[in-house]
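As the structure is a computational prediction, the values presented were derived from the model and not from experiment. Any value given below was found using the heavy atoms of this structure, including those in side chains, with hydrogens, waters and symmetry copies removed. Proteins come first, then strands; the chains are lettered A, B, ... in the order of their sequence lines, and each starts at number 1.
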Amino acid sequence: MPAFRDIVRRIDSIKNTQKITKAMQVVAATRLRRAQAAVQATRPYAEKMIEVLQTAGERATEYKHPFLVRREGKRAVMILVTTDKGLCGAINVNNIRAATRFMNEHHTEGQRYVTIGRKGRDFLLRYRREVIAEVSGVSDRPTVAEIMPAITVALEEYSKGRTDAVLLCYSKWISTMKQEPVVTVLIPAEIPGRGDESKGPRADYIYEPDPESVLDGLLPRYVETQVFQAVLENKASEYSAKMIAMQNATNAAGDLIDALTLYANKVRQAGITTELMEIVSGAEAMRASS
Amino acid sequence: MKYLLRVVSVERSLFEGEVEFIIAKGADGELGILARHAPLMTILKPGPLRIQETYGGEEQVLFVGGGFMEVLPDRVTVLADIAEHADEISIEKAEEARRRAQERLAGTLTTAEEVEFQNALATAEARLRLARARRG
């Protein structure tokens, strides 16, 4: 039977761990709120951009930007968004699985990856996948400038004809309890159609310099915006998952402490009982001999 | 007469409100926009976006590092690449960015790279001019 002191020492150690997980949970909750606000902040830009793309696209009908042209080949570059740190549940595993599965199903040749986040990079390198660019250590308030290098590499591969599609995989934030890996096709770009109930008169713009140049400028930015939003959304998912993971850890530590406390008390009781027995039997022996 | 102006960058919304007059740096030169302007869609060059809430009145300046501007009779939307308030620009940062761009321009470059760095240089210089104007 372990000594009472040893059990108490273990309880203390678990209490320390519990304090840490509790703190991490609170920090994740705060960061989650911030990440959600950041996702919200990108909406006006993204919405406006889609609107402008629709109108410009209608004007420049005979013009096809290369990003809008569907290519037949099976090659693809996947931009995989993951976290830098662990302790955030299964989101990285889910993202990686979704990304690799999609690639194996739809793009059997020339599979290449661009990673944003350390976890995805490490995994893919371990399994000898071809990673052509990586960005890691994205700050908690990501800026477009931080992730630009990754996007630029992926777009270049496409413009130079070395790949037939550019895909994006990240974890979509649905609720605090639920995050889902999503794979989307960035290029060939699909501009969401405009609803029939589109408000206001359809503007017939004067284009400066011309509709083609405007489209040329807008499309890469449209792709950038999508990747940027994915990074933000993934951050929100990361902190949600971390919050839940840490909450579970805190609870598990609590259960363990309760169980160990009970055990410690039993050990202490057993010790006292044994000691009493020894005293009583000693006394009995003394009386018998006198 | 006033119209609604919105300036948004990918990261946040920078300005939203009723204004009478703005001056922006378009692809084909400076543009002054009053209400009831004909619908216009233009590429913006890096430079200041000057906002006057009342025509000829006090001016608020935003820095726009390129982007797009959509003009409709009753509202104007600016999709800014990097937009920041003039007060937020640090001269050191701008100078640093300009130096980097120049250094790289000095080396041998492909055409695409050269265009990119020319843009970086233009952005840095525009920032610098604006920040200096603010200090002076």
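For A:R221, the side-chain contact (heavy atoms from CB on, under 4.5 Å) partners at least two apart in sequence or on another chain are A:Y45, A:M49, A:E224, B:F68, B:D81. In terms of the salt bridge (charged side-chain N to carboxylate O under 4.0 Å, His left out) criterion, A:R141 has no residue partners (sequence neighbours excluded).
Residues B:P39 and A:I206 form no side-chain contact, since every pair of their non-hydrogen atoms from C-beta on lies 4.5 Å or further apart. A heavy-atom distance below 4.5 Å is not found between the side chains of B:T77 and A:E51. Using a 4.5 Å cut-off on side-chain heavy atoms (C-beta onward), A:Y205 and B:L40 make no contact. You'll find the side chain of A:V52 reaches within 4.5 Å of the side chain of B:M41, heavy atoms only.
Crowding of A:E109 atom CD: a count of heavy atoms from other residues, nucleotides or ligands under 6.0 Å exceeding 12. Crowding of B:E16 atom CD: a count of heavy atoms from other residues, nucleotides or ligands under 6.0 Å exceeding 12.
Contacts with chain B were tallied for A:T225, A:T143, A:D210, A:L232; A:T143 has the most, counting heavy-atom pairs under 4.5 Å.
Closest approach of B:D28 and A:P209 over heavy atoms only: OD2-CA, 4.1 Å.
Remark: side-chain polar atoms of B:E11 are paired, donor with acceptor, to backbone N or O of A:V144 under 3.5 angstrom.
If you take CD1 on B:I43 and CG on A:D216, they are separated by 8.0 Å, rounding to the nearest 0.5 Å.
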